[in-house]
Amino acid sequence: EAGVAQSPRYKIIEKRQSVAFWCNPISGHATLYWYQQILGQGPKLLIQFQNNGVVDDSQLPKDRFSAERLKGVDSTLKIQPAKLEDSAVYLCASSTTGVAGGVQFFGPGTRLTVL
Amino acid sequence: DQQVKQNSPSLSVQEGRISILNCDYTNSMFDYFLWYKKYPAEGPTFLISISSIKDKNEDGRFTVFLNKSAKHLSLHIVPSQPGDSAVYFCAAKEGTYKYIFGTGTRLKVLA
């Protein structure tokens with residue numbers, strides 16, 4: 001079974017530029033999550049999708065961050081414009097919604113550096 | 001406001017001995033807890049979980065203990081192996097499949 005795929009793995013941009021990350025979840029997983037992990041901290045949920053609908057985006061800085069999950073499969077996360085404090089690893093995860101309590105499977109992450 | 005706390009940023013243990021990683025939480029509504037392990041340049045991988053209706057769950061060398069009255073859970077690894085060296089995150093479920101993660105504990109198992 002293929003895992004969660006993310007691209008790119010690394011990205012370096014200057015502040016005020018735009019950037020987009022892509023995630024392909026495990027086939028059949030209805031729930032998809034985007035997390036931001038700043039160095040030395042735990043992953044922080046940015047947005048959670050159930051199929052192609054948003055379940056929770058309360059911690060997404062909506063003035064600069066946007067995310068979509070078209071057709072309930074792949075997802076993209078965009079930052080426009082980027083700030084220095086956006087430097088972090090962006091993790092995508094997916095899960096089923098069964099009795100396992102939604103154990104999440106994570107992709108390798110995209111490391112973003114904003115200069 | 002950190003609802004899930006891992007107060008030890010790092011831990012070193014001799015190979016073959018027990019590793020005990022701790023996690024405290026503040027929200028009594030959390031009903032499910034998980035531990036994840038993370039190697040450098042990889043995403044976290046699921047290790048073991050426990051429901052709030054239980055106080056212990058065991059899977060091979062890994063055991064998670066939950067003390068609801070103290071709002072505390074711990075992960076025991078026995079015996080510890082060098083391959084267990086990684087960052088360990090505890091996570092607590094709030095509502096429908098929303099998880100709040102702790103800050104992580106870096107475990108180093110010395111050969």
Side-chain angles (χ1 to χ4, degrees), chain A residues 1-10 21 23-26 29-51 53-60 88-111, chain B residues 1-10 21-27 29-54 57 59 62 64 66 73 86-106:
Chain A
E1 180 185 74
V4 176
Q6 288 188 248
S7 68
R9 292 295 311 274
Y10 304 92
F21 312 127
C23 173
N24 185 22
I26 292 173
H29 281 194
T31 309
L32 185 147
Y33 309 79
W34 282 102
Y35 288 89
Q36 179 193 59
Q37 186 179 11
I38 292 172
L39 188 65
Q41 299 181 19
K44 183 184 91 171
L45 179 69
L46 292 176
I47 189 167
Q48 177 184 348
F49 291 95
Q50 182 81 7
N51 296 309
V54 175
V55 174
D56 186 335
D57 63 357
S58 57
Q59 298 193 91
L60 186 74
V89 175
Y90 290 84
L91 294 163
C92 178
S94 69
S95 71
T96 62
T97 53
V99 296
V103 170
Q104 297 171 40
F105 295 84
F106 284 83
T110 296
R111 180 175 296 278
Chain B
D1 179 28
Q2 195 86 31
Q3 295 191 70
V4 179
K5 300 178 185 179
Q6 293 177 257
N7 292 317
S8 299
S10 64
L21 295 94
N22 295 303
C23 181
D24 296 296
Y25 62 95
T26 57
N27 189 341
M29 298 302 291
F30 291 148
D31 61 357
Y32 197 73
F33 303 87
L34 304 92
W35 283 94
Y36 284 84
K37 175 170 141 177
K38 185 182 182 305
Y39 292 119
E42 295 182 12
T45 55
F46 170 72
L47 195 56
I48 192 168
S49 63
I50 188 166
S51 165
S52 60
I53 62 173
K54 296 188 175 181
N57 188 27
D59 183 2
F62 303 93
V64 56
L66 175 63
L73 65 155
V87 178
Y88 289 78
F89 292 99
C90 66
K93 184 167 78 72
E94 178 184 54
T96 308
Y97 307 118
K98 176 180 176 179
Y99 292 88
I100 298 175
F101 284 77
T103 52
T105 296
R106 182 178 301 278

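Per chain, numbering begins at 1; letters A, B, ... match sequence-line order. Note: hydrogens, waters and symmetry copies are ignored here, and every other heavy atom, side chains too, is used.
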> How many angstroms lie between atom NZ of B:Lys38 and atom CG of A:Leu91, to the nearest 0.5 angstrom?
Replying inline: 7.0 Å
> Can you say whether A:Arg111 sits under 4.5 Å from chain B via the side chain, the backbone, both, or neither, judging by heavy atoms?
Replying inline: neither
> Tell me, do B:Lys98 and A:Ser58 make a side-chain contact under 4.5 Å, heavy atoms counted?
Replying inline: yes
>> Need one label for A:Gln37: side chain, backbone, both or neither, based on atoms under 4.5 Å from any heavy atom in chain B.
In response: side chain
>> Rounded at 0.5 Å granularity, tell me how far CD in A:Gln41 sits from CD in B:Gln2.
In response: 7.5 Å
> Out of B:Tyr39, B:Phe46, B:Tyr36, B:Phe89, which one pairs with A:Phe106 under the ring pair (Phe, Tyr, Trp, His ring centres under 6.0 Å) rule?
Replying inline: B:Tyr36
>> Contact between B:Tyr99 and A:Val103 at the side-chain level, heavy atoms closer than 4.5 Å - yes or no?
In response: no
>> Shorter than 4.5 Å, heavy atoms on both sides: which option in B:Pro44, B:Gly104, B:Gly102 has the most such pairs with chain A?
In response: B:Pro44
